[in-house]
Amino acid sequence: MPASQHAPNAHKRALIAGSIGNFIEWYEFAVYGFLATVIAKNFFQLAGETGLTSLILTYASFAVAFFFRPLGAMVFGRIGDRIGRKPTLIIVLVMMTLATAAIGLVPVYASIGIAAPLIITGLRILQGLFAGGEYGGAVSLMTEFAPRGKRGLYGAWQSFTVALGLLAGAGIVALLSVLLTPEALHDWGWRIPFFLALPMGVVALWLRVSMEETPSFVQQQAHPVAERARLSDTFKAIIMGIGRVMVWSAAGYTYLVIMPAYLQSALHTDFNQALLIAVISNIGFAVTIIPSGILSDRIGRRTVMVIATALLLILALPLLKILQAESSTLAIKAVVVLVAGGLVGMLAGPGPAMLAEMFPTRVRYTGLGLAYSLSNALFSGCAGLIITGLIKETGNVDIPAYYVMATALVSIVALMTLKKDDHLRSLEE
């Protein structure tokens, strides 16, 4: 069915239905990241081990979930490229919501011993599996429904709801830390954010059941292309995609999720101030996403993403030095993380459309989902583990900046291979 024959509001419904799953997914990942120190004490504080070791174990559980994302992207991507975006996105949403809510039910280490961290890690694995199947479908849905010349904007909404999810996660944890005593937060309050995934999931399910299948997928099914996508071409595109979004993954998690734990453990900032700084960095991230998506529809994905990556390469170390300075006030720190978050937003705006444009319809769900999830597994999921581990080994608190700079160098090279007019061509075969 041509896009013109779809209901007038099908585009908007697809945008909302695609976005809400991402919101829930990233809300939960933010909650886990912001509650890392609490979860570490409840589940990973093993006998005779230090607090930093328990935090490293918590991040190891965090990383494990990310490594199951590529498997989810591959399994559900294949399903989504064969039976459609809509049914696949409904399946992954239901399973992801149930796995998230189940985390809130797990007894702590003091109650059931080693079974507690094992169950938490098992549920994280399930979340990673289903979350891996979410991204490729959501971005395919949004970009395939996008009117001509608005793919950057439509794809940017996916990233924008990631920002909203991160902000909601940070906001709810911050609210609980104000309303509850530290003891109550550690005892039972940390469970509340995980239970909130259930009502969110019900709303998301209602939206996804009522949406239409994408015009690109319908057309592909009606007129299948005789030539199959060559595996080697898809593989090359996935590797290139990882290179292009590597800095987005690394900088995103460094500045938006693990910053609170870094500020507490390495710079001895108190919990509430660290959370406030995290909220501000996520506001900076949210503010630049939509404008950079729109800008990439006008001047191209390459220009916007190369500028953002170059700025991250140049500014990563100076920004961190300002955060570390004893003379830096809370206001100065707020400006620093606002800028850092904004630069990540400049990558997250054009990023989804850029990935969608790299793959034909018949492998788009699988291809872009794998590129994104592999990049996240390697450079987001491991960010907390790599940074905390290296700081423990070397005592060098500049590690987060070096990590961002190393990935920026690779991404600049990969992004320069983009064509200037990729944003102008049709997604259709």
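For the numbers below, each heavy atom of this structure counts, side chains included, while hydrogens, waters and symmetry mates do not. Please read these numbers as outputs of a predicted model, since none were measured by experiment.
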Inset, instruction - Might you confirm whether atom CH2 of W190 has over 12 heavy atoms from other residues, nucleotides or ligands at distances under 6.0 Å? - result: yes

With side chains defined as the heavy atoms from C-beta onward, is the minimum distance between [X] and [Y] less than 4.5 Å?
X    : Y    : result
I172 : V31  : no
M305 : S292 : no
M95  : L126 : no

Inset, instruction - Tell me, please, whether W26 has R69 positioned over its six-membered ring: NZ or CZ under 6.0 Å from the ring centre and within 45 degrees of its axis? - result: yes

Legend entry - R124 to Y32 six-membered ring, cation-pi geometry met (6.0 Å, 45°): yes

Inset, instruction - Step through it carefully: locate the ring centre of F160, locate the ring centre of W157, and say whether they are under 6.0 Å apart. - result: yes

Inset, instruction - Verify whether the ring centers belonging to Y372 and Y135 lie closer than 6.0 Å. - result: yes

Legend entry - Between T361 and E144, a side-chain donor and acceptor under 3.5 Å: no

Legend entry - Under 3.5 Å side-chain donor-acceptor pair for T161 and N22: no

Inset, instruction - Using the ring pair (Phe, Tyr, Trp, His ring centres under 6.0 Å) rule, take W248 and Y253 through it: C-alpha gap first, then chi angles, then the decisive distance, then the call. - result: CA-CA 8 Å; W248 173 15; Y253 256 76; over 10 Å; no

Inset, instruction - Look at R302 together with E357 and state whether they make a salt bridge at an N to O cut-off of under 4.0 Å. - result: no

